[in-house]
Amino acid sequence: MDQGGAPPVFSASAEIDGDHLHVVVAGEVDMATADTMLQTALRQPAAKITLDLTAVTFFDSAAIHAVVRLAQRFPGTLTVRPSRQVRRVLEISGLGEQGWLDPA
């Protein structure tokens with residue numbers, strides 16, 4: 001859909017480097033897009049995943065659920081790099097101290 005030059009509302013892309021998958025997500029992650037984010041992260045086999053959410057502007061409960069599913073699927077090998085908005089949502093939801101959340 002052409003948005004007249006406006007940035008996309010959502011995008012998710014993945015790049016593999018050996019056994020490390022780097023998933024970059026931008027825009028709004030909600031009930032309409034959370035599964036796409038999840039499936040992008042699961043599309044290629046990987047031992048380690050970095051989920052880069054630094055360009056995410058909106059993050060709802062469906063997005064939280066998708067991240068929790070990834071954390072369960074990749075215990076100890078998932079790193080989530082949140083935007084300020086994502087970090088705030090995770091803190092409010094009680095997930096701000098999870099080991100997979102990048103403290104930086």
What is the distance from atom CD1 of Ile16 to atom CG of Asp19, rounded to the nearest 0.5 Å? 7.5 Å
Apply side chain to side chain contact (heavy atoms under 4.5 Å, CB included) to residues Leu38 and Asp35 and explain how you reach the verdict. CA-CA 5 Å; Leu38 177 64; Asp35 191 58; 4.0 Å; yes
Could you pull out all donor-acceptor pairs under 3.5 Å where a side-chain atom in residues 47-59 meets a protein atom, sequence neighbours excluded?
| unit_1 | atom_1 | unit_2 | atom_2 | d |
| --- | --- | --- | --- | --- |
| Thr50 | OG1 | His20 | NE2 | 2.7 |
| Asp52 | OD1 | Thr54 | N | 3.0 |
| Asp52 | OD1 | Thr54 | OG1 | 2.6 |
| Asp52 | OD2 | Arg81 | NH1 | 3.0 |
| Thr57 | OG1 | Gly27 | O | 3.4 |

Apply side chain to side chain contact (heavy atoms under 4.5 Å, CB included) to residues Leu70 and Leu42 and explain how you reach the verdict. CA-CA 8 Å; Leu70 281 174; Leu42 296 175; 3.9 Å; yes
Write down the atom of Met37, the atom of Ala63, and the distance for their closest heavy-atom approach. CE-O, 4.0 Å
Is there a donor-acceptor pair under 3.5 Å between the side chain of Asp30 and the backbone N or O of Thr33? yes
If you count the non-hydrogen atoms of other residues, nucleotides and ligands that lie under 6.0 Å from CD in Glu15, is the total more than 12? no
So do Val68 and Leu95 actually touch side chain to side chain, heavy atoms under 4.5 Å? yes
Atom pair CE/NE2 of Met31 and His65 - distance to nearest 0.5 Å: 12.5 Å
Can you name the closest pair of heavy atoms from Ala66 and Ala34 and give their distance? CB-O, 3.9 Å
Spatial distance of atom OG1 (Thr36) from atom CZ (Arg43) [nearest 0.5 Å]: 8.5 Å
Looking only at non-hydrogen atoms, find the nearest pair between Leu21 and Ala46 and report the distance. CB-CB, 3.6 Å
Would Val24 and Val29 show up in the same hydrophobic cluster when neighbours are defined by side-chain heavy atoms closer than 4.5 Å? no
Short side-chain to backbone donor-acceptor contact, Arg87 and Leu101, under 3.5 Å: no
